[in-house]
Amino acid sequence: MNPSAIGFVHVSTSMSNQKKLEAELKAREEFFSAVAHELRNPLNALHLTLVGLSRAQSGNSPLPPEQIISRIDRASAQVARIATIVDTMLDVSRISAGRLIFQLEDFDASPVLADVVDRLKNPANLSQISLSMPPSLLIRCDRARFAQIASNLLSNAIQYGNQNPIEVHLESDGSTLRLQVVDHGVGIADEDQERIFERFQKLGKDSVNTRFGLGLWVAREVVRALRGEIRVSSQLGRGSTFLVELPKLCSVEAAAPSG
Amino acid sequence: MTNGHKGTILVVDDDRGAMEALSDILEYEGYHVQRAQNGLQALEYLHKTRPCPNLIILDLLMPVMDGWEFRMRQKEDPELASVPVLVVTAIGATAGIDAVCVLHKPVDVDALLRTVARYCD
């Protein structure tokens with residue numbers, strides 16, 4: 001054995017580990033930066049709502065009670081947004097550590113989906129959302145995670161749907177549940193259709209114009225851990241269709257994150 | 001000034017909660033507010049509306065058309081180029097965006113209103 005060769009292999013391995021560590025630290029830094037950015041938007045909306053309320057009530061023309069209540073409700077909605085971001089951060093942490101835990105139960109998916117649509121179809125969203133589903137669709141799954149998947153897809157459709165109508169379809173085919181969310185908005189370029197499901201995707205012309213989306217990554221990881229699949233078909237400028245297929249009788253195992 | 005109010009402001013932001021809250025503050029102060037959810041909607045409004053607004057309050061990260069591209073297209077149009085822009089953004093690096101003022105979210109409302117008054121009163 002040539003001692004010089006052993007030395008060379010050792011140095012090469014150390015450099016490889018060093019690069020891996022640097023990449024992980026950079027990824028972690030980007031993650032925290034992305035989260036801070038995401039939190040600033042609802043914090044700003046909450047701040048502006050409260051400042052506006054304070055200025056109006058201490059000025060010469062205080063607001064009538066119904067307008068005060070409306071602004072307080074809007075402030076509450078921003079708090080809910082912040083809570084969702086925090087929950088997403090925790091999900092990312094759990095998924096990354098392979099610690100995603102499910103509580104499987106038998107329930108009717110139809111009213112759960114209807115609740116999600118009702119919640120997101122508030123007056124602030126100008127998109128029309130139509131829902132087609134059977135009167136009842138019994139499944140065995142994690143109720144909260146099913147609602148989360150539907151919510152993430154519908155929120156994405158609202159954000160990128162350019163205020164055009166959105167269709168949500170729920171159906172089953174034998175042993176499989178199918179959830180489809182269709183928007184007619186900006187669409188996704190072919191080269192981005194896989195990247196939107198990645199954790200640290202950057203969509204935009206350059207590194208400055210970044211929009212980090214964790215919702216789709218979390219949705220995919222949860223769907224896969226439930227032994228389902230999620231796919232997108234899209235045309236730039238025409239809109240996107242997201243399709244989730246889940247077994248009606250879910251069984252799960254702890255899954256390592258896929259990326 | 002038009003229609004008895006102080007001036008017209010175009011607010012461009014894809015965050016509806018922030019848009020509504022900022023519009024409430026500006027309207028309470030007597031300004032007329034128009035809204036757009038992205039740069040493309042803002043350009044469409046500007047092309048069909050005369051006179052132009054006194055000020056544009058612009059978010060940077062938006063779908064469809066972001067703030068950078070909107071600003072580039074605005075400056076290319078001689079009829080729109082002179083409308084001043086106040087940037088409100090959640091990101092730290094604004095990459096040299098050309099604006100009369102850049103404010104970071106959560107916004108200092110007093111600083112925003114001082115800049116608005118400079119261009120709209």
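First the proteins, then the strands, lettered A, B, ... as listed; each starts at 1.
- Within the 4.5 Å cutoff, no side-chain heavy atoms of Ile158(A) are placed close to those of Arg16(B).
- Listed options Ala56(A), Ala75(A), Gly187(A), Gly237(A) were ranked by heavy-atom pairs under 4.5 angstrom with chain B; first place goes to Ala56(A).
- Between chain A and the residues Gly17(B), Gly67(B), Pro106(B), the largest count of heavy-atom pairs under 4.5 Å involves Pro106(B).
- In this structure, Leu43(A) and Lys105(B) have side chains that are not in contact, with every pair of non-hydrogen atoms separated by 4.5 Å or more.
- Side-chain contact between Asp24(B) and Arg74(A) is present, with at least one heavy-atom pair separated by less than 4.5 Å.
- Each of Asp110(B), Leu22(B), Asp108(B), Val109(B) was compared with Val51(A) under the side-chain contact (heavy atoms from CB on, under 4.5 Å) criterion, and only Val109(B) meets it.
- Proximity to chain A (any heavy atom under 4.5 Å) is restricted, for Asn38(B), to the side chain, taken from C-beta onward.
- Nearest heavy atoms, Ala45(A) versus Ala21(B): O-CB, 4.0 Å.
- Distance check, rounded to the nearest 0.5 Å: OG1 of Thr49(A) to CD1 of Ile25(B) gives 8.0 Å.
- With Asn44(A) contributing its side chain and Val107(B) its backbone, the two residues share a donor-acceptor pair below 3.5 Å.
- In Arg238(A), the CZ atom is not crowded: 12 or fewer heavy atoms of neighbouring residues, nucleotides or ligands sit closer than 6.0 Å.
- Once rounded to the nearest 0.5 Å, the distance linking CG of Asn41(A) with CG of Asp59(B) reads 6.5 Å.
- Between atom CG of residue Leu48(A) and atom CD of residue Glu20(B) there is a gap of 11.5 Å, rounded to the nearest 0.5 Å.
- Counted within 6.0 Å of CD on Glu29(A), heavy atoms from surrounding residues, nucleotides or ligands total 12 or fewer; the atom is thus considered open.
- Interface residue Leu113(B): only side-chain heavy atoms are found under 4.5 Å from chain A.
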